[in-house]
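Take a look at the structure below.
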Amino acid sequence: MEYDITIGLEVHCELKSTSKVFSPSPNAYSENPNTNISVIDLAFPGILPIVNKEAIRKALTVATALNCETPEYMIFDRKNYYYPDLPKGYQITQMHYPVGINGYLDVYVEDKVKRIYIHDTHLEEDTASLDHYDKYSLIDYNRCGVPLLETVTEPCMHSIDEAMAFLESLKRLFLYTDVSDAKTELGQIRCDVNVSLSPTGSKELGVKVEMKNINSFYNVKMALESEIKRQTELLNNGKAIEMETRRYDEATMQTYRMRSKEEAIDYKYFIEPNIPPIKLTDELKKEVKDSLPELAFSKITRYINEYGLSLVDAKTIAKDKDIATYYENIVNRGKDPKMVSNWVTTRVLGCLSKDEITISEFNFTEDKMVELLDFIESGKISTKQAKDIFYKCKEENKTPKKVVKESGMEQITDEEEIRKIVLEVLEENSDVAKDYNPEKGRMLDFFIGQTMKKSRGKANPGVATKVLKEELLKYVNR
Amino acid sequence: MITKDKLKEYAEKLMFRLEEEQYDTLLKEFDIILEQMKLIEDIKEIDGIEPMTFPFELDNVKPREDDNVETIDTEMALSNAKEKIGTEVKVPKVVE
Amino acid sequence: MSYLDLSIEEMHEAIINSKVTPEELVKESLQRAKEYQEEYNSFVTITEKEALDEVTKIDNNDSYLYGIPCAIKDNLSTKGILTTASSNILKDYIPCFDATVVSKLKESGSISIGKTVLDELAMGGTGTTGHTGIVRNPWNKERLIGGSSAGSCAAVASGIVPFAIGSDTGDSIRKPAIYGGIVGFKPTYGRISRFGLFPFACSLDHVGCFARNVKDIAYVVDAIKGHDEKDMTSLENDNVKYSDLLNGDVKGKKVFYIKEIIDINNYEGEVDKELEEVFKNFESVKEKCGELGMEVCEESIDIRLLKAIFSTYITISCAEATSNNSNLTGIQFGPRGEGKNIEEIMFDARTKGFSELIKRRFVLGSYVLQKENQEKLFLNAGRIRRLIVDKFNELFEKYDAFILPGSSSIAPKFQSENIDKLSNRYLLLENHMAIGNFGGMPSITIPSGKIDNMPIGICITGKAKDDLNVLNIAYALENVLGQKGKIAGRRINNGI
């Protein structure tokens, strides 16, 4: 039997800031346990949360970028549960009035545009981390209170590809808006995944199974594959799916039950009384909106429509905001978009990946690229020469001008200068020249070769050919 | 209907236990409390009223500027923890 | 006569005129604390060493509190000094930071001589549930002092210190102040920072103080109030000194009382001699108000709302308390529980650490927050809270304050039968002071008379942020009620 898959995602992202979301201790990773902590993080009796302005701003930025409705006031809730990584015994989060609701994000799934609906995005705090050993666990409170933004989609994705495309796009959004470093390998993005299956064509959603705390996009994919397979087999065997929470085990690539619906925790949410409503002024909302950068989806669409790039190239360039900026700055200086695209997607990205550096660390700057392209456009160097110059510039950290000058690579394009060389060549090869026949191309090739040799390769072949043809005719007619 | 078993379940979720006879006291107390709660239910004209969390509205609530950091000394912070290894708090192995 | 029996103002004069030194005052205060401890049990910890050390270091003699001894409720965080909230679950907890109010007291040059007993975790009104035993009323050892700020009240009432810090969630400063015959004040919510106050119910908790006269209260509040960046609910500075502005001029002020609460017909079958005396005393207070040039009016309020005050209070406070005390698991502080796994050690710590009463309140708090009950109980309580506060704020458009008797009786005996928790006497007369917590209103109790040589008093409550007005009315009234400045069991310093 065929089934429709329905997927919903909850994505937790650690936000960048100087201090934590409700305390003044540093929001920074440390190898040394319990060094980035305050009395607030340890939940000593009598502590009170004090909300970080930057965390609010970043949360509002994402809400705005996700096209969400934003509330008049920032209001927080308590989510109550007992766990050793949660020293207060409750997490401060946003349940009643999230910073963003009813939004959407358009993403490319292959070459189709898919709109992913956002239920809400809300600001909360991260928990402590537990280090597990054979016989005991150790608590490091450094991560406690790191600002977390949780983005919850509607159950609106119907394939693993859609889910993966959304995750990649959301990560790109975090990077574009500079709210997070979004490094999954450092646990800065973690996902909860909901999936349900229903018979194809059925209007009702199937029973939802949730998989908690998956730490990489790859594992989201594997967990979905495994869970969809498990549910399909159950349904095919006439068995019911149970509403439950499962966890994905990386080692076995299987999902395992954590708790059933009956065991679900009642979090007893209520409004956090220690944080009075903080007004999100229209000025702040406007300022955040005005300072949003153009996002990847819009860039990809524009590159295709305005610049005539292929989807693949457009995606490749828009994948990284800084690369897109590099690309656009060069195009905006009058260079051909497709030509720039070729240079960026092949040479530039090739170097970055080989050297494992970012575009900001790359020494072949926009200025150098413009210089190089100028040389090509003016015909002073060939495309093949340009490639050599590019690598030489990179290796020796020099400008194209300097490399061209030093290696004497610059072409001679001046007609009269070339004419002098051509006349010398004809004098030296007068025997051949007098037999010149325009019908016989090989003779012309011989002279072009001689001219190039005499000019040590610097003569512009086009100009040299034109001048040779003129002078050879004159020579014969003489 | 509140039963002793329900009360036990509530207590367990709050991570503590009471003595058997204390549950009896609690059950009796609940009778009175639920009577008192009826005094809340007696007031019907509460439709459309936003539940009050803060004693009054504060204008000009300012979040904290994110411009500097403060930490406390690790040793001092952990001085009240009974079991430690190195600079971390030790607990029995937590199984997820 | 001892300088320690004087008012803060007089003590201050004596200090700057070198008639007495801070050290002498502190030593005598410590002496009394130790002497009375066995009898009244005001303190969890008497900080003799720290106080004697601190008194050699102070130099802020511009401050009225310079060199003045005080006591601090043991639910306010004190760096390096045991702070237990009178609960076994914190019986060995030594904080690594000072509450803002504690820092401010230190800055003022006041010397704390100890941490006072409270009802466990401030959740109680009798002063009998602290882990170090019951607190007795200095006016009569057979009677309770009330709570939760029991030890702070007893310490001031018995003359150990001229002032003490307490906290008030429903009436935890004001009710004991009534029973102890002293002044108890909780200012507007946010006037004094709550940073470092162990929370009972954050949206109702106030830091406040006890003293033996209203002017002394003003001196104390002047020293400890102010905006605090560590408390987002703290108010902007009002940039005034209450002690400078008290003048007793209340001519033309309008106050009201609530008909339903002082109508003896609402207490059918519940009236005894004490209640009659309480009402009689209240009549005389009304007269005195008139004599001072105040207009006293009767206002009627829907009795259903008034009767729902207690349920509303208990619902909101227990709900918040259950959550607020979820950090008490014996992991990062407090006695570690025993057990094989993490759940067991948390269970054990909490099972051993909380008394039965506390557990019952937590179960109730959790019950009203549960998904299936939250709308009907917790949220409806929040709605009633708003109805009540709106009603009083509406009345404050016409009035400066309202006055009511602070209790229906003198301090009860320890073994007395429990009052019927569904009676009007309980619901109307014993619990109305929570109105001030619902709306964060400044509220003060002052002694207004005696029954069988035990104090009774009245409560004056005003509009939020109108602290000065409330203090001034109390200041004017105490001068004509004849109960000012009394120390239990003695007739010292009657009038300044």
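Every chain is numbered from 1 and lettered A, B, ... according to where its sequence line falls, protein lines coming before strand lines.
- Using a 4.5 Å cut-off between heavy atoms, L14(B) touches chain A through backbone and side chain atoms alike.
- Counting only distance, with no hydrogens or angles, the side chain of Q91(A) and the backbone of K79(A) share no donor-acceptor pair below 3.5 Å.
- Outside the 6.0 Å centre-distance limit, the rings of Y97(A) and Y73(A) are not counted as a close aromatic pair.
- Heavy atoms closer than 4.5 Å to chain A are found in the backbone of N68(B), but not in its side chain.
- If you measure heavy-atom distances from L138(A) to chain B, the contacts under 4.5 Å come from both the backbone and the side chain.
- For the set A28(A), G89(A), A55(A), S25(A), the entry with the most heavy-atom pairs within less than 4.5 Å of chain B is S25(A).
- Taking NZ from K58(A) and CG from D178(A), the interatomic distance works out to 6.5 Å, rounded to the nearest 0.5 Å.
- Chain B forms more heavy-atom pairs under 4.5 Å with one residue of N52(A), N32(A), I275(A) than with any other, namely N52(A).
- At least one donor-acceptor pair closer than 3.5 Å links the side chain of Q94(A) to the backbone N or O of V99(A).
- When each of V39(A), I37(A), L130(A) is checked for heavy-atom pairs under 4.5 Å with chain B, I37(A) comes out on top.
- Within a 6.0 Å sphere centred on NZ of K84(B), other residues, nucleotides and ligands contribute more than 12 heavy atoms.
- Using a 4.5 Å cut-off between heavy atoms, D134(A) contacts chain B through its backbone alone, with no side-chain atom that close.
- With Y90(A) as the aromatic partner, R78(A) meets the cation-pi criteria of under 6.0 angstrom to the ring centre and within 45 degrees of the ring axis.
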